[in-house]
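Written out below as structure tokens is the structure these notes cover.
Numbering of residues begins at 1 and proceeds along the displayed sequence. Below, all heavy atoms of this structure are taken into account, side chains as well, without hydrogens, waters or symmetry copies. Numbering of ligands and ligand atoms starts at 1, following listing order.
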Amino acid sequence: MKFADLGLSDELLRAVTESGYDEPTPIQAGVIPSVLMMRDIIGIAQTGTGKTASFVLPMIDILAHGRTRALMPRSLILAPTRELAAQVAENFEKYGKYHKLSMALLIGGVQMGDQVKALEKGVDVLIATPGRLMDLFERGKILLTGCNLLVIDEADRMLDMGFIPDIENICTKLPANRQTLLFSATMPAPIKRLADKFLSNPKTIEVARPASRNENIEQFLVKTSERGKKDALRDLIEVEDISTAIVFCNRKTTVRELAKSLQRFGYKAGEIQGDMDQSSRTAELDRFKKGIINILVASDVAARGLDVKGVSHVFNFDAPWHPDDYVHRIGRTGRAGAQGRAFTLVTPSDDEAIDSIQKLTGYTIPVHGGGAPKAQAAKPEAEAEEREPRRAGGRSERGGRGRGAAARPASEPKPAAEARPEAPKPAPQKKAPVRKPAPAARQNDDGPDDGWNGPMPGFLSVGFDS
Ligand code: AMP
């Protein structure tokens, strides 16, 4: 099937061709014609399947006709995280370049004043995280009565983050006869209930999970102990010929500590987690995309939907608690036909988590090397390394030297040449995160990632034709 068979306008087809795509992915082939026929849709698809374009493309054609009105967006896309919202916005820019539509991105961590100004002018597309949207709504800065098209993206992630009550609330503010598109990687009961309540005669389109069939990703378990994890990870980084890697941790504190630890050992490592303000996250992602750093330590929420090309490796420093997160994490590698390798460090307490992952994917992950866990032997080193942050307190030169041989334990293998920074520099001091208390329902272990923490730097509102 070709894009031209889907009923999209010539301008849109031109933008798609210029983006380098010839054929629609299965979710696009299934969703696009039905959206153009104004059907409600349940799309069961993961990131990596091309699902974003499956709603962005038909939306652009639907919105091409009609006028904007002050304070009344014509369509609304709800995304669970700022990163995902920003990626949806990027898709609108890419495919909407031959259309004159206006868009506003309503996410936490950016100036509310500018967002309000954009809304006052009127927008065709509003892309928002639920928390910020509800806040502006409650302040009377936005009217949803003119919003005839609603997209709920990554609904299962919204559920994990405690956003479902917000979403239900938002749904009741929109016209009852609107068109609604709901995307989710899985359909747990609360999402099914949401769909039953707010969608009308939806067409369900399901595509296979990329991870359960992506043979481009080689998966391994690496047995270790809790204390041996850092050593085990560095061993893997040494042995594997990594170009770029994402290292996932379950907790924000682990993300912070591990990134600093890797930096001390000479690696070009950075971090992305939910306590960082938006500008730091964007800057860090940029550094990763440009190759200034090649190891990104990340939490699930912050990394949700990240689409970075050429990630050769994914390391699960912690086995994820939710099996879906495993699928999502390893899907950061092996994209677009490339080969990828995914390693999960496991301790005896992870047995249950690994069991659920294997049940979900229907795949028994082989144990890497099959031999004795290396990290056990390296235990004293791991302990020395664990103590380092306290010893280094207030002695920045220690952190600086940590990148070179001086701070590396004698038995520590040297990092790969390309993973070593040019010159040792002290690790930058991070500001204590500014957190706004959030309702308990929104808490997960990574903290609420609805955009409420951190300062508010820039604003992003994009006219497609600008
Ligand atoms: P998504 O599932 O929306 O996160 O998209 C995953 C990746 O697939 C992104 O890098 C898109 O640019 C890419 N993509 C979207 N549509 C197509 C297509 N028709 N052919 C190949 N790649 C695509």
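- Ionic pairing of K100 and D124 is not present here: no N-O contact between side-chain nitrogen and carboxylate oxygen is shorter than 4.0 angstrom.
- In this view, S356 satisfies the side-chain hydrogen bond (donor to acceptor under 3.5 Å, both in side chains) rule with no residue, not counting sequence neighbours.
- Contact between E90 and ligand 1 is absent, with no heavy atom of the residue lying under 4.0 Å from the ligand.
- For the pair A53 and ligand 1, the shortest N or O to N or O distance does not fall below 3.5 Å.
- Each of the following atoms of ligand 1 lies closer than 4.0 Å to a heavy atom of F3: 19 (N).
- Look at E284 and R287 and you find a salt bridge, because one of the NZ, NE, NH1 or NH2 atoms lies within 4.0 Å of a carboxylate O, short of that distance.
- Contacts of R178 classified as salt bridge (Lys or Arg N to Asp or Glu O under 4.0 Å), with partners at least two apart in sequence or in another chain: none.
- Proximity annotation for atom 17 (C) of ligand 1: of Q28, K94, E154, Q28 comes nearest, heavy atoms only.
- Within ligand 1, counting atoms from 1 as listed, the ones closer than 4.0 Å to a heavy atom of T25 are 17 (C), 18 (C), 19 (N).
- Checked by atom type, the side-chain pair R329/N316 shows a donor-acceptor distance below 3.5 Å.
- Between T49 and ligand 1, a contact under 3.5 Å exists for at least one N or O pair.
- In the vicinity of T52, heavy-atom distances shorter than 4.0 Å reach the ligand 1 atoms 1 (P), 3 (O), 4 (O).
- Across P175 and N148, no two heavy atoms sit closer than the pair CG-OD1, 3.5 Å.
- Across F55, Y21, F183, heavy-atom proximity to atom 14 (N) of ligand 1 is greatest for Y21.
- The pair D10-R14 does not meet the salt-bridge criterion, since no charged nitrogen lies less than 4.0 angstrom from a carboxylate oxygen.
- Applying the 4.0 Å criterion to heavy atoms of E23 picks out, from ligand 1, the atoms 18 (C), 19 (N), 20 (N).
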